[in-house]
Number of protein chains: 2
Amino acid sequence: MTMVMKPRPLPGPLGLAFLIPTAAWFILRPFLDPTPALPTLYTSVGFSIVSFLASLYLIPALGQSFIKAGLKGKDMSKVYKDDIPESLGLVCAATYILLLILFIPFPFSQFLSRSDSEGLASVEFPHFQLSVYLSSVLSLLIAAMLGFLDDIFDIRWRHKVPIPIIASIPLLMVYYAEQGNTNVVVPIPFRAIFGTIINLGPLYYLYMALLSTFATNSINIIAGVNGAEVSQALIIALSVIANDCLYLPWSTSFKFQLPLYLLGGQADVDVGGVWSAGMAHGSKQLVERHLFSMYFMLPLVGVCAGFMYHNWYPARVFPGDTLCYVTGMAFAVVGIQAHFSKTLLLFFIPQIFNFILSAPQLFGILPCPRHRLPRFDPSANVLHPSTMTFAEKPPSKLGELILRAFSYVGFVQLTIRPEDGVIVAASNLTILNAFLVRLGAMSEKRLTQTLIGSQILCSVFAFVVRYGLASLVYDGDRR
Amino acid sequence: MTMVMKPRPLPGPLGLAFLIPTAAWFILRPFLDPTPALPTLYTSVGFSIVSFLASLYLIPALGQSFIKAGLKGKDMSKVYKDDIPESLGLVCAATYILLLILFIPFPFSQFLSRSDSEGLASVEFPHFQLSVYLSSVLSLLIAAMLGFLDDIFDIRWRHKVPIPIIASIPLLMVYYAEQGNTNVVVPIPFRAIFGTIINLGPLYYLYMALLSTFATNSINIIAGVNGAEVSQALIIALSVIANDCLYLPWSTSFKFQLPLYLLGGQADVDVGGVWSAGMAHGSKQLVERHLFSMYFMLPLVGVCAGFMYHNWYPARVFPGDTLCYVTGMAFAVVGIQAHFSKTLLLFFIPQIFNFILSAPQLFGILPCPRHRLPRFDPSANVLHPSTMTFAEKPPSKLGELILRAFSYVGFVQLTIRPEDGVIVAASNLTILNAFLVRLGAMSEKRLTQTLIGSQILCSVFAFVVRYGLASLVYDGDRR
């Protein structure tokens, strides 16, 4: 059955009449007296709205050109078989990167330096940080380019895993040239062995490269339902922003206390006030780092939100690898440059869970079919877990042990031959299949919502760990 | 007729046994005692050899993947109709940009600073120039990306002309953030009106954007014979390097006098010696600028040479727009960042000639067919000028005037109806057609050689103008 998919309706004049002036106000606000504290943050919010509008309008406008250029795919979990434009993540990436470049004069030139009046001019980036910013944009652009090449040339899975390492080269080169810090603070239990601070040297560069690879591929691998990739990116970006907000000096009218003792923390934190407020505890460097992170995350939220509107069930466009590469790289960039990579990893709990769950298939302990996405049942319009079979060869001892362990906690569904108890099939080891095993067959939309819900819950949990439990293994709030 | 094109033979073990150690020596030489003057220049030469080898080997290796991805074309001026892989300029661009990024630590970090010994450490880039370098690489990468998108989506001519302006945005943004100089020195005859120095302000940014557009499109437009685009790029790059060499402080053993009086200059110039030598006249800034230019031009020569080997008649690969975008942008980058854009434009004399010649067709004064490349005559295996016809409508008064003027100097061939002397057809107004009109029909290979020869002659002429005649309108050798 083929039906002609109508593009999703775009906001009418009323919506635009609200959004465009709002964006303009945020962008222009720093130029009006009295200059606000953190003026470039206003600009960044304005750019975020612009990026949302740009991706919202550009994606449907360019869809047909993508189909014409052969960038198209079928939706496997639908009854209709329309061509859906693929790789539209490229539009997001291009919008995002172009806005990041157009943003350069705001934090890095003199024309916002009137903010002296409040003594907050020092919040402005020091000039040399421009090269850090540029190397980040360069890494994002390489990620976008390689993601798109991956879509065009259809690179094999095992070749594409290290691609983000190439994209992180500018980051590493400039980090090296700028004599970046390669020290890490040792958790309290290990200090007897390693001391308080350990210099990882070249290992730190390896860590940064691996972080990019992880952030990129771990999002890319959770695919197969409409909106899966972009919703992960969106929630992680929002979590990073929420975390950044804790470190910024808000104006005093905002002031309130975070009751951290509820989470097991040792002290309350005043959020708000001027310099001395927030988790930054008066550290100008921490404020600058988290501002840097905000500048990259706010427009990312904009493009992702615009994209998600068109990628939502039933999807009108597909992201392609480009979107995952760019968003993953953006997370790696802020984690590395703003020095909160451990906190960042806490926002990747569902991805880490999926990776651990998938590892036996990825590393060849269990058979791995080409596609592991949930199986679509057109008659009921629901998704079932997809399976790997052991028809030819039973699983190895280790494989069987892993399967039985995962089955015990309800992440995998086993088909056991009643005669002899041998495992003949098992659901594929992905988070999406695990949801279907745990919660039963469901519609694609419901599965996406489940994924989103779990990502949000995990982010809440991440904050509890970061600000509640971290004090058990780290003193102070250095990073 | 279809024949299976054999890939061009690659250098055997003997060639590699020479090139690889040579590259390694240049890259490692700065680390050996005694540290040479300009150590990073050695590295750059080494990188240039690496880039040559990379493009030499990667291009034939990847050709089939390009064909498989639909990036292929037929050679219009050949008797055979094989699929030729198209857009291989992408491989050049990727190699070039990756090497530029890997080069970052050499000029910008501390590990080559041992060169203190000769008092030449100050030749090293100041740290803040890193952002200028990064913005240049960013512009090149955007140019590569947009060139490739142009190849994929086949953007219309009128839409693609402004594309280089987008690629120049990072350049302009960082120039602005870094409070770049927007003053220009006024030629002597105009000083009575404008003074010695004039601040162009925003016009300077417009000039920079237009320079990128010109450098890119003027190379792109001279296409249609094998090797046309890449040979232009190669000769311009070599001319820029020759010009840069005049400004570098060579070791004293190199010292010789340039007899500039022969060219009408006012004084001889000592090329060689230490600081005070060369056209730099002791200006550290000039030396730095021309080093910067060398860092971008040397690897460009490498990739272009490697590409040209495979693109030479009969071509095994086509460049696509990507190559023109990246090379054109590279010229704009060095012209802008190293402040010798006027000298740069002198190396574009054939392109400027072609642009002036083409203008009546480009701007609609005369009809412009979709393709203006020379017409192939398979029976004699030669190229003839292609034509525009006035069958439907005779040329306008202005059009006829232009055609008769160009015909008078022998750049265009007119077909005139004997009865009434009306022009019924004319050869298309391009430099390639002009060669064919002037020199008669010739083989494609010969036409490429003619183009190359004229480009070299024009570069020689450019040096005469720059160092001979420029003293008539400018005092000193400021830029």
Side-chain angles (χ1 to χ4, degrees), chain A residues 62 65-66 68-71 87 90-91 93-94 97-111 125-142 144-146 148-149 151-155 166-180, chain B residues 62 65-66 68-71 87 90-91 93-94 97-111 125-142 144-146 148-149 151-155 166-180:
Chain A
L62 295 173
S65 313
F66 277 67
K68 212 178 287 171
L71 293 161
S87 300
L90 180 68
V91 178
I97 291 168
L98 188 61
L99 283 172
L100 283 177
I101 292 171
L102 289 172
F103 184 67
I104 291 172
F106 292 87
F108 298 111
S109 75
Q110 300 297 310
F111 77 19
F125 271 74
H127 217 59
F128 78 91
Q129 284 221 20
L130 176 54
S131 54
V132 172
Y133 186 93
L134 289 170
S135 70
S136 306
V137 176
L138 206 45
S139 280
L140 289 173
L141 189 53
I142 296 181
M145 181 112 191
L146 293 174
F148 188 61
L149 291 181
D151 286 337
I152 295 273
F153 292 105
D154 206 9
I155 300 170
I166 299 176
S168 67
I169 291 177
L171 229 55
L172 306 187
M173 290 292 140
V174 172
Y175 203 87
Y176 182 85
E178 295 275 12
Q179 310 271 304
Chain B
L62 295 173
S65 313
F66 277 67
K68 213 177 287 171
L71 294 161
S87 300
L90 180 68
V91 178
I97 291 168
L98 188 62
L99 283 172
L100 284 177
I101 291 172
L102 289 172
F103 184 67
I104 290 171
F106 292 88
F108 298 110
S109 75
Q110 300 298 310
F111 77 20
F125 272 74
H127 216 58
F128 78 91
Q129 285 221 20
L130 177 53
S131 55
V132 172
Y133 186 94
L134 289 170
S135 70
S136 306
V137 176
L138 205 45
S139 279
L140 289 172
L141 189 53
I142 296 181
M145 182 110 191
L146 292 174
F148 188 61
L149 291 181
D151 286 337
I152 296 273
F153 293 105
D154 206 9
I155 300 170
I166 299 176
S168 66
I169 290 177
L171 228 55
L172 306 187
M173 290 293 140
V174 171
Y175 203 87
Y176 182 85
E178 295 274 14
Q179 310 271 305

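Just so we're on the same page: letters track the sequence lines, and every chain starts at 1. Small disclaimer: the values here were computed from a predicted structure and weren't measured.
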Problem set entry | Check: Phe66(A) ring centre within less than 6.0 Å of Phe153(B) ring centre | yes

For this session: Rounded to the nearest 0.5 Å, what's the gap from CZ on Phe108(B) to OG on Ser131(A)? Could you check?
Result: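 Between atom CZ of Phe108(B) and atom OG of Ser131(A) there are 9.5 Å.
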
For this session: Would you give the length of the straight line joining atom OG of Ser65(A) to atom CG of Asp154(B), rounded to the nearest 0.5 angstrom?
Result: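 The OG atom of Ser65(A) sits 11.0 Å away from the CG atom of Asp154(B).
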
Below 4.5 Å, heavy atoms only, C-beta onward: do [X] and [Y] meet side chain to side chain?
| X | Y | result |
| --- | --- | --- |
| Leu130(B) | Leu130(A) | no |
| Val137(A) | Leu134(B) | no |
| Leu149(A) | Phe148(B) | yes |

Problem set entry | Contact summary for Ile101(A) and Met173(B), nearest pair of heavy atoms | O-CG, 3.5 Å

Exercise. Relative to chain A, which segment of Leu98(B) carries a heavy atom at a distance below 4.5 Å: side chain, backbone, both, or neither?
Worked result: side chain

Exercise. Which bit of Leu102(A) is near chain B, if near means a heavy-atom gap under 4.5 Å: side chain, backbone, both or neither?
Worked result: both

Problem set entry | Which atoms of Phe103(A) approach chain B - backbone, side chain, both or neither, heavy atom under 4.5 Å |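 Interface part for Phe103(A): neither.
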
Exercise. Highest number of heavy-atom pairs under 4.5 Å with chain B: which of Leu138(A), Ile169(A), Leu172(A)?
Worked result: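 Heavy-atom pairs under 4.5 Å are most numerous for Leu138(A).
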
For this session: Under the side-chain contact (heavy atoms from CB on, under 4.5 Å) rule, what do Met145(A) and Leu90(B) come out as? Steps first, then yes or no, please.
Result: CA-CA 11 Å; Met145(A) 181 112 191; Leu90(B) 180 68; 3.3 Å; yes

